[in-house]
Amino acid sequence: MSLPQLPSSIRLVEVGLRDGLQSVVEPVPTGDKVELVHMLIDAGVREIEAVSFAHPRVLPQLADASEVMAAVPRLPGVVYRGLAPNLRGAQRAADCGLDELVVVVSADTEVSIRNQGMNVDEVLADLAKIGELTQSVGTRLVVAVACAFFAPARGPVSKEERLRVVEAAIEAGASGVYLAATSGEEHPGEIYDGVAQVCQDYPELDVGVHLHNRNGFAPANALASMMAGASWLEGSFGGLGGDMWFPGDPAVLGNAALEDLIHLCDGLGIATGIDLEKYMKVSDRIAELTGRPSASFVSRGGTRNDLAAARWPENN
């Protein structure tokens with residue numbers, strides 16, 4: 001089945017190794033992280049946000065970034081990303097063999113200060129320097145616009161604030177920008193309008209959307225993103241991660257589960273290149289490693305094929 005305005009294919013980016021594992025208090029061993037990378041690649045995932053270069057005191061769960069990048073398989077077509085919260089983190093990442101470096105810039109000042117210890121102006125000043133660094137080492141720059149639509153303890157974010165970060169990203173030499181539904185309270189209408197505007201105003205820019213699922217709208221927001229022209233969507237195995245320091249019940253603060261996005265796209269005939277059955281083994285493995293059951297619907301409810309193959313219980 002196809003719906004109007006939906007693409008024939010979409011790129012799905014796995015952020016579980018970074019955004020997911022940073023929410024797990026007990027660090028997952030480096031060898032297990034590398035095992036997960038192998039499993040992801042076997043399932044068909046080709047874009048993996050594998051590490052973060054936040055200070056080890058801040059995120060000890062991800063302190064082994066250099067070791068992980070030294071051990072992952074280097075295969076044609078597999079793209080590895082790392083996240084740097086600031087210039088110092090970008091400098092640490094420079095010689096780790098990343099294909100892409102992600103820099104987060106919040107469109108909301110209060111979140112920027114609480115998350116990065118800098119206001120938006122200060123982060124953008126860092127961004128320009130990071131752009132020079134990535135160009136010098138041949139790494140693509142991707143800018144994440146955090147709170148691109150809505151911010152906690154505030155409400156909707158204006159298009160002027162959103163576009164200010166997008167324009168600064170382009171000036172810094174970014175090849176891609178993703179708009180993050182950071183709060184998980186974004187709705188499909190504002191997602192569609194925001195993504196469509198960026199795609200229209202900057203047609204040469206690669207635009208993605210990072211999805212959280214606090215309000216249960218992630219699948220609808222994924223549809224809105226694709227209809228508006230997004231090139232890629234981001235999610236995490238088992239829905240792990242998200243901004244756990246935001247107000248609210250941690251049980252609903254996760255990322256969009258990538259397996260649910262795969263299942264959605266499969267049902268709509270939108271090619272992702274990812275084998276859902278193989279990917280589910282990744283979801284099962286991360287649940288074993290962390291002790292956290294998957295938050296995804298497909299993990300708990302199964303696929304359409306599973307239900308079609310089910311048998312009614314015999315009457316007693």
Side-chain angles (χ1 to χ4, degrees), residues 11 13 15 17-19 22 47-59 62-70 72 74 78-109 111-148 157 160-180 182 198-199 201-210 230-232 234:
R11 293 156 45 207
V13 177
V15 301
L17 285 159
R18 194 278 303 171
D19 200 2
Q22 73 178 20
E47 297 182 63
I48 303 170
E49 191 168 296
V51 292
S52 170
F53 291 89
H55 196 287
R57 285 200 306 269
V58 177
L59 287 177
L62 305 178
D64 58 351
S66 297
E67 291 81 1
V68 170
M69 290 309 303
V72 295
R74 303 290 180 162
V78 175
V79 174
Y80 291 111
R81 277 192 194 169
L83 183 142
N86 50 39
L87 178 59
R88 183 170 296 180
Q91 291 167 338
R92 288 179 51 218
D95 60 353
C96 287
L98 293 171
D99 299 297
E100 296 180 346
L101 182 70
V102 178
V103 177
V104 177
V105 183
S106 175
D108 177 72
T109 295
V111 169
S112 181
I113 292 171
R114 290 178 178 271
N115 191 43
Q116 291 165 277
M118 297 184 286
N119 63 36
V120 178
D121 289 335
E122 292 169 324
V123 177
L124 291 179
D126 253 10
L127 178 61
K129 297 173 184 176
I130 293 171
E132 295 174 0
L133 175 63
T134 55
Q135 290 177 31
S136 70
V137 298
T139 301
R140 292 189 296 275
L141 175 64
V142 176
V143 173
V145 186
C147 296
V157 169
E160 290 79 14
E161 291 169 298
R162 180 168 56 244
L163 293 180
R164 176 192 181 196
V165 179
V166 173
E167 290 169 358
I170 294 171
E171 290 176 6
S175 61
V177 165
Y178 69 75
L179 306 180
T182 312
V198 173
C199 290
D201 291 353
Y202 310 99
E204 302 303 316
L205 187 64
D206 202 15
V207 180
V209 178
H210 179 99
S231 299
W232 82 87
E234 300 191 356

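Each residue takes its place number in the sequence, starting with 1.
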- [ ] List for me each residue that meets side-chain hydrogen bond (donor to acceptor under 3.5 Å, both in side chains) alongside T109, sequence neighbours excluded, and say none if there are none.
- [x]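 Testing T109 for side-chain hydrogen bond (donor to acceptor under 3.5 Å, both in side chains), a comparison that skips the adjacent residues, returns none.
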Task: Partner residues of E167 under the side-chain hydrogen bond (donor to acceptor under 3.5 Å, both in side chains) criterion, sequence neighbours left out - done: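 Checked E167 against side-chain hydrogen bond (donor to acceptor under 3.5 Å, both in side chains); matches are Y202.
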If you round to the nearest 0.5 Å, how far is [atom2] of [Y] from [atom1] of [X]?
X    : Y    : atom1 : atom2 : result
L179 : C147 : CG    : SG    : 12.0 Å
L62  : F53  : CG    : CZ    : 10.0 Å
D95  : S66  : CG    : OG    : 7.0 Å
S106 : E161 : OG    : CD    : 9.0 Å
L98  : T134 : CG    : OG1   : 11.0 Å
L17  : I48  : CG    : CD1   : 7.0 Å

Open item on the list: Tell me every residue that passes side chain to side chain contact (heavy atoms under 4.5 Å, CB included) with A90, counting only those two or more places apart in sequence or in another chain.
Closed with: A84, L101, I130, L133
Task: Sequence-distant partners of R57, side chain to side chain contact (heavy atoms under 4.5 Å, CB included), two or more places apart - done: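 Result, side chain to side chain contact (heavy atoms under 4.5 Å, CB included) vs R57: H55.
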Task: Check ion pair R81-E234 (N to O, under 4.0 angstrom) - done: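 Result for this pair is yes, salt bridge flagged.
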Task: Pairs meeting criterion side chain to side chain donor-acceptor pair (under 3.5 Å) with involvement of residues 116-131, two or more places apart - done: D121-R164
- [ ] Using atom types as modelled and distance alone, determine if a side-chain donor or acceptor of R18 lies under 3.5 Å from a backbone N or O of S52.
- [x]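 Pair absent, no side-chain N/O of R18 close to backbone of S52.
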Open item on the list: If you define the side chain from C-beta out and look only at heavy atoms, does anything of D108 sit under 4.5 Å from T182?
Closed with: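 In short, these two side chains do not touch, never coming nearer than 4.5 Å.
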Task: Close side-chain approach of V123 and V165, heavy atoms under 4.5 Å - done: no
TODO: Can you spot which of D206, V142, V209 makes a side-chain contact (heavy atoms from CB on, under 4.5 Å) with Y178?
DONE: V142
- [ ] Kindly state each residue pair satisfying salt bridge (Lys or Arg N to Asp or Glu O under 4.0 Å) with at least one member in residues 131-145, sequence neighbours excluded.
- [x] E100-R140
